[in-house]
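What follows is a set of notes on a single structure, which appears directly below.
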Amino acid sequence: MKKKTTIYDIANALNITVSTVSRALSGFPAISDTTRKAVVDMAKKLNYSPNKLASALKSGKTYIIGVIVPSVEAHFFASIIHCIEDGLKDSGYRVIIYQSNETVENEINGVKTLLEAQVDGIMASLSLETKDVSHFAEIIEQNKPLILFDRVNTGLNVPTITLDDFKAGYMATKHLIDKGYKKIAFVTTAHQVKIFTDRLEGYKAALADQKLPVITDHMILGGLSIKDGHFGAGELMRNHKPDAIIAGDDFTALGLIQKLKEIGATPPEIGVIGFANEAFSAYITPSLSTIDQHASQMGKECANMFLKMIGQKNPYSKIEHVILNPSIIERESTDPSTSSIQL
């Protein structure tokens with residue numbers, strides 16, 4: 001194995017002291033331009049790369065950020081991560097990603113692992129199982145930035161980047177009503193996660209404002225997946241027969257559409273709308289109407305928030321909560337004009 005080049009090798013090659021090499025590479029002002037250039041050129045010639053661990057121990061920074069997400073398979077979270085990386089790269093930061101896979105146990109392990117890796121801060125979107133958030137306390141105690149995004153818990157006094165999810169639920173419901181649908185169901189998670197409970201409350205408020213009944217049997221609370229969409233559609237169409245269904249996310253909406261097709265009620269005969277604007281939603285048949293949660297903007301806001309926090313002696317001296325506005329993307333699954341059966 002080839003020996004790694006050190007600053008001692010550069011010093012020997014130039015017949016100068018190790019301290020002079022170290023100062024030249026770190027930009028020490030007392031070093032002449034001629035010496036600095038000679039050191040830098042020799043470092044390149046010898047393929048020298050700095051010991052980042054040693055530099056981190058000296059500066060107290062690793063320039064690594066931990067990001068915990070439920071899953072990178074969802075385009076929504078992948079887009080957020082991409083924009084976090086893009087927003088921090090010019091400041092020299094890199095990102096380590098940890099997936100909770102929707103379990104609080106994995107999330108706890110993620111926090112522990114990232115802190116052991118000496119990350120400079122953590123950004124997290126909570127798992128569906130997370131109720132107790134005490135495992136995040138160590139991050140705050142170490143005076144490292146903690147930012148929660150999308151799925152948050154108000155029990156933690158930390159900065160947050162979220163969507164106005166009440167408005168999102170209201171918007172999805174009002175869109176269906178405006179399209180002529182009257183018996184609107186909702187298939188979502190049974191987990192008491194703020195974004196999903198807020199959307200459900202928005203759904204109820206929109207129905208009430210339009211003088212439509214809130215029917216308990218029209219709310220299927222289970223999971224969020226293609227499989228759960230299949231189950232929800234089967235239950236609703238067998239027993240309660242709504243004319244439109246809101247899905248807790250786009251994957252659940254995809255399952256709804258698949259099952260509705262199987263039983264001969266292809267959308268928009270039964271209207272379907274989801275959340276997140278996943279990459280597939282524009283390309284399935286029929287194309288899926290959805291609420292855009294603005295993943296790219298959420299990622300950019302996370303990066304900006306982190307840079308603000310590290311610029312303060314106490315990262316928590318000013319707690320900000322950024323709330324993004326949802327927007328609707330109308331496609332075939334809620335357009336009755338494309339159906340042979342008019343509402």
Side-chain angles (χ1 to χ4, degrees), residues 56 60-62 64-72 74 76-77 80-81 84 88 93 95-166 188-201 221-224 248-249 293 298-299 301-324:
K61 287 187 175 183
T62 59
I64 299 173
I65 306 301
V67 179
I68 302 174
V69 294
S71 171
V72 296
F76 173 71
F77 289 115
I80 290 175
I81 292 167
I84 289 171
L88 294 177
Y93 286 93
V95 171
I96 294 178
I97 302 162
Y98 197 102
Q99 296 183 88
S100 70
N101 292 314
E102 300 290 16
T103 74
V104 69
E105 181 182 1
N106 284 345
E107 188 175 277
I108 291 169
N109 289 335
V111 171
K112 181 181 178 182
T113 299
L114 292 170
L115 286 177
E116 287 175 350
Q118 298 295 314
V119 295
D120 292 342
I122 292 178
M123 305 176 189
S125 184
L126 304 181
S127 80
L128 288 176
E129 288 185 359
T130 303
K131 295 179 182 177
D132 179 3
V133 290
S134 59
H135 49 287
F136 288 102
E138 181 63 23
I139 306 167
I140 302 169
E141 289 171 11
Q142 291 188 20
N143 208 38
K144 293 183 176 184
L146 169 63
I147 298 168
L148 297 183
F149 63 90
D150 186 46
R151 303 183 193 173
V152 306
N153 186 302
T154 54
L156 282 170
N157 189 28
V158 299
T160 58
I161 319 292
T162 58
L163 190 76
D164 186 336
D165 285 289
F166 177 90
T188 188
T189 178
H191 291 285
Q192 294 298 297
V193 178
K194 187 176 185 303
I195 66 169
F196 299 111
T197 56
D198 283 355
R199 290 173 190 174
L200 197 59
E201 290 305 309
L221 306 183
L224 292 172
D249 68 2
Q293 297 173 228
M298 192 169 287
E301 293 289 352
C302 285
N304 291 338
M305 186 74 74
F306 174 78
L307 294 175
K308 284 183 187 178
M309 293 178 78
I310 60 167
Q312 304 166 173
K313 186 174 181 180
N314 176 2
Y316 300 100
S317 60
K318 184 181 180 182
I319 305 294
E320 294 184 58
H321 301 289
V322 176
I323 302 174
L324 306 179

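Note that the structure is a prediction, hence the values are computed from the model and not measured.
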For [X] and [Y], indicate whether the former's side chain and the latter's backbone hold a donor-acceptor pair under 3.5 Å.
X: Tyr316; Y: Leu146; answer: yes
X: Gln293; Y: Leu163; answer: no
X: Asn106; Y: Ser100; answer: yes
X: Thr162; Y: Ile323; answer: no
X: Asp120; Y: Thr62; answer: yes

Partners passing side chain to side chain donor-acceptor pair (under 3.5 Å) against [X] (at least two apart in sequence or in another chain):
X: Glu301; answer: none
X: Ser127; answer: Thr130
X: Lys112; answer: none

Kindly give the heavy-atom pair with the smallest separation between [X] and [Y], and that separation in Å.
X: Ile65; Y: Phe306; value: CD1-CZ, 3.0 Å
X: Lys61; Y: Tyr93; value: NZ-OH, 3.9 Å
X: Pro145; Y: Ile310; value: CG-CG2, 3.9 Å
X: Phe196; Y: Gly248; value: CE2-O, 3.8 Å
X: Leu126; Y: Leu148; value: CD2-CD2, 4.2 Å
X: Ile80; Y: Met298; value: CD1-SD, 3.8 Å

Gap between atom [atom2] of [Y] and atom [atom1] of [X] - 0.5 Å precision:
X: Ile68; Y: Phe149; atom1: CD1; atom2: CZ; result: 9.0 Å
X: Leu128; Y: Asn101; atom1: CG; atom2: CG; result: 11.5 Å
X: Ile64; Y: Ile96; atom1: CD1; atom2: CD1; result: 4.5 Å
X: Asp249; Y: Phe76; atom1: CG; atom2: CZ; result: 10.5 Å
X: Met123; Y: Ile97; atom1: CE; atom2: CD1; result: 12.0 Å
X: Arg199; Y: Thr188; atom1: CZ; atom2: OG1; result: 7.5 Å

Holding to side chain to side chain contact (heavy atoms under 4.5 Å, CB included), I want the full list of residues that pass it with His321, two or more places apart in sequence or in another chain.
Thr160, Ile319

Residue pairs, two or more places apart or on separate chains, that pass salt bridge (charged side-chain N to carboxylate O under 4.0 Å, His left out) and touch residues 144-156:
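Residue pairs with at least one partner in residues 144-156: Glu102-Arg151.
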
Can you tell if the side chain of [X] reaches within under 4.5 Å of the side chain of [Y], non-hydrogen atoms only?
X: Val104; Y: His135; result: yes
X: Glu320; Y: Lys308; result: yes
X: Leu200; Y: Leu221; result: yes

Who passes salt bridge (charged side-chain N to carboxylate O under 4.0 Å, His left out) against Glu138, sequence neighbours left out?
none

Apply the side-chain contact (heavy atoms from CB on, under 4.5 Å) test between Val158 and each candidate in Ile147, Val152, Ile140; give the one that qualifies.
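The option that passes is Ile140.
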
Taking everything shown except Gln142 itself, do over 12 heavy atoms lie less than 6.0 Å from its CD?
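Atom CD in Gln142 is crowded, with more than 12 foreign heavy atoms closer than 6.0 Å.
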
Answer with yes or no whether the side chains of Ser134 and Asp132 bring together a donor and an acceptor at under 3.5 Å.
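Per modelled atom types, Asp132 and Ser134 side chains form a pair under 3.5 Å.
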
